[in-house]
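First up is the structure itself, then whatever we jot down about it.
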Amino acid sequence: MTSTNVVKTIEDETDKRHAAIADALMVAGGVASAEVRASINQNPYRGAALLDIARASLNRAGVSLGGLDSMEIAVLAFGGQSNNDFPILLENAMHKTLQQAYATASDTWRRFCAVGSVSSFRDHPRYRLAAVQNLAPINQLGEFPNATLLDAERARVRIGTKGMIVGVSRHTIVDNDIASFMGILSQLGRAAARTIEDDVYALLRMNGGLGPVLDDGYTLFHVNHKNIGVAAAITNDSVDADRILMTQQKEPGNGDTLAIGPSILLVPAWQRAKALEVNGAEFNEPDFKNPGDRRPNSIRGLYKDIIDTPRLVGTRRYSFADPAEVPTLEVDFLNGNQQPILKQEEAFAVDGIHFRVHHDFGVSAVDYRGAVTNPGL
């Protein structure tokens, strides 16, 4: 008879204390989730002031506080020789606030961009392989022909770092200004998400809305890439023309037709209503010369997702294939970490502590075949 040993990870009292204090600070700062707010009545640190938490941390570290005033206690709590865990407690609460705000921020780029991972800040290649030719019949001897592997096209992706430093002074501790610094972290979390969103659209808007220049020397949208539609307002016929343009794209190397179609429509915010109407109508728009001619809408439901954004102006629109099938834009993160990072820093020039928020990511164009733009009217 064999026995199975089960290893369980048990949360120790220190971890529980850190988590409880972080939750209490987030509630006090007005940035806690509904789940945390619902459980706060059972939290022993509910309503605790920052100075009280600092004093308790110093006591746990064996630091004598006899005769010290509030400012002196705040200075000791920030580290130095006291070796207490108050800075860690602050960092835990701030980290949770940052990540929560980042995760709940509204964005659109994930709906039409691929997500990738890179291991460093250097250029990383992205290859588009040509499709292997169709299967061929075997000969009379039962021999199978060898596949011909054609050269691939290459694009490059690169990431960088963006960030900001936020400081917590001893005055914040003494004044118990929890809402102030927690609110700043919440804003930074939303700002981190907004930065990616802005960078994606900035890349798309380059060169008058034709996107960045690719390795072949042409912009993402270019007549040589055959992905610019004839300028027209959003109608059944113009959308269908854009669809046909995308379906005619060829594989690199062997020139086989990709036969892909658009799945996502990206428009300026003011065009949302028209885009929804055209995509969802049962019939084509009536022919004014023959108003009785009601043809079924040939492109009804063509777009599985319609995205509108104030970051696009004018009349230009973009049709994208499903990024899982043919990615056009790619957002890459260092080692796949999609979250902004909070790190504590020594603050020699100020009376307090610094926290650095940084995000390692990059936005790149990787293939022109999965998108069509139309200048619109």
Side-chain angles (χ1 to χ4, degrees), residues 18-19 21-37 40 49-50 53-54 74 77-79 85-110 113 115 117-118 121 159-203 309-311 331-363:
H18 287 186
I21 291 175
D23 287 348
L25 289 177
M26 291 177 71
V27 170
V31 295
S33 66
E35 181 181 2
V36 171
R37 291 197 305 271
I40 194 62
L50 285 170
I53 296 173
F78 279 125
D85 64 355
F86 183 69
I88 296 174
L89 295 172
L90 274 184
E91 185 174 351
N92 285 348
M94 296 170 77
H95 178 77
K96 284 186 176 182
T97 300
L98 178 76
Q99 302 296 357
Q100 176 181 280
Y102 177 81
T104 57
S106 176
D107 60 41
T108 62
W109 68 264
R110 293 180 184 276
C113 297
V115 178
S117 175
V118 295
F121 292 92
I159 65 168
T161 300
K162 293 190 175 183
M164 193 171 293
I165 291 176
V166 58
V168 179
S169 72
R170 64 176 180 169
H171 292 279
T172 300
I173 307 304
V174 173
D175 295 340
N176 198 37
D177 194 5
I178 302 175
S180 177
F181 77 85
M182 296 296 271
I184 290 173
L185 263 294
S186 186
Q187 291 178 34
L188 283 174
R190 290 190 292 271
R194 189 172 61 247
T195 300
I196 300 177
E197 183 89 343
D198 286 345
D199 283 5
V200 167
Y201 284 100
L203 189 76
T309 175
R311 290 177 171 83
V331 179
D332 293 280
F333 297 91
L334 182 63
N335 297 321
N337 181 16
Q338 299 185 30
Q339 306 292 324
I341 297 172
L342 179 74
K343 286 189 175 180
Q344 180 181 325
E345 288 191 335
E346 294 291 338
F348 297 105
V350 299
D351 191 2
I353 192 169
H354 276 165
F355 293 93
R356 185 184 74 231
V357 177
H358 70 270
H359 208 6
D360 302 318
F361 73 93
V363 183

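Remember, it's a predicted structure, so these values are computed and weren't measured experimentally.
Heavy-atom minimum distance, Ser117 versus Gly336: OG-N, 2.8 Å. Residues Gly362 and Ile159 approach most closely at N-CG2, 3.5 Å, considering heavy atoms. Looking at every heavy atom in both residues, Asn176 comes nearest to Ala49 through OD1-CA, 3.3 Å. The heavy-atom pair separating His354 from Gly167 by the smallest distance is CD2-CA, 3.5 Å. Of all heavy-atom pairs between Asn337 and Phe333, the closest is O-CB, 3.4 Å. Closest approach of Ala93 to Met182, counting heavy atoms only: O-CE, 3.7 Å.
Among residues two or more places apart in sequence or in another chain, the side chain to side chain contact (heavy atoms under 4.5 Å, CB included) test is passed with His95 by Gln99, Leu342. By the side-chain hydrogen bond (donor to acceptor under 3.5 Å, both in side chains) test, Asp360 is found to be paired with Thr161, residues two or more places apart in sequence or in another chain being considered. With sequence neighbours excluded, the residues satisfying ring-ring contact (aromatic ring centres under 6.0 Å, His included) with Tyr102 are His359. With sequence neighbours left out, the side chain to side chain contact (heavy atoms under 4.5 Å, CB included) criterion links Asp177 to Thr172, Ser180. Residues meeting the side chain to side chain contact (heavy atoms under 4.5 Å, CB included) test with Ala103, sequence neighbours left out: none. Partners of Gln338 by side-chain hydrogen bond (donor to acceptor under 3.5 Å, both in side chains), not counting sequence neighbours, listed by chain and number: Arg110.
For residues 180-202, the ring-ring contact (aromatic ring centres under 6.0 Å, His included) pairs, not counting sequence neighbours, are Phe112-Tyr201. The salt bridge (Lys or Arg N to Asp or Glu O under 4.0 Å) pairs that include a residue from residues 332-344 are Arg126-Asp332, where partners are two or more places apart or lie in different chains.
Atom-to-atom distance recorded for Phe78:CZ and Gln344:CD is 9.5 Å, nearest 0.5 angstrom. The structure places CD1 of Ile88 at 6.0 Å from NE2 of His18, a figure rounded to the nearest 0.5 Å. Annotation: the span from Thr309 atom OG1 to Asp107 atom CG amounts to 11.0 Å, rounded to 0.5 Å.
Two residues are said to be in side-chain contact when any heavy atoms from C-beta on lie closer than 4.5 Å; Phe355 and Leu90 meet this criterion. Two residues are said to be in side-chain contact when any heavy atoms from C-beta on lie closer than 4.5 Å; Lys96 and Asp23 meet this criterion. Within the 4.5 Å cutoff, the side chain of Arg356 has no heavy atoms near those of the Val166 side chain.
For the side-chain contact (heavy atoms from CB on, under 4.5 Å) test with Met94, the passing option among Leu188, Val168, Val357 is Val168; the others fail.
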Could you pull out every donor-acceptor pair under 3.5 Å between side chains of residues 26-37 and any protein atom, sequence neighbours left out?
unit_1: Ser33; atom_1: OG; unit_2: Val36; atom_2: N; d: 3.3
unit_1: Arg37; atom_1: NH1; unit_2: Ala32; atom_2: O; d: 2.7

Determine all donor-acceptor pairs shorter than 3.5 Å in which one atom belongs to a side chain in residues 189-200; sequence neighbours excluded.
unit_1: Arg190; atom_1: NH1; unit_2: Ser186; atom_2: OG; d: 2.9
unit_1: Thr195; atom_1: OG1; unit_2: Ala191; atom_2: O; d: 2.7
unit_1: Glu197; atom_1: OE1; unit_2: Thr108; atom_2: N; d: 3.0
unit_1: Glu197; atom_1: OE1; unit_2: Trp109; atom_2: N; d: 3.1
unit_1: Glu197; atom_1: OE2; unit_2: Thr108; atom_2: N; d: 3.1
unit_1: Glu197; atom_1: OE2; unit_2: Thr108; atom_2: OG1; d: 2.6
unit_1: Asp198; atom_1: OD1; unit_2: Arg311; atom_2: NE; d: 2.5
unit_1: Asp198; atom_1: OD1; unit_2: Arg311; atom_2: NH2; d: 3.0
unit_1: Asp199; atom_1: OD1; unit_2: Lys162; atom_2: NZ; d: 3.2
unit_1: Asp199; atom_1: OD2; unit_2: Lys162; atom_2: NZ; d: 2.9

Could you go step by step and tell me if Asn92 and Ile21 meet the side-chain contact (heavy atoms from CB on, under 4.5 Å) rule?
-> CA-CA 9 Å; Asn92 285 348; Ile21 291 175; over 6 Å; no
Trace of the side-chain contact (heavy atoms from CB on, under 4.5 Å) decision for Leu50 with Leu25 | CA-CA 8 Å; Leu50 285 170; Leu25 289 177; 3.7 Å; yes
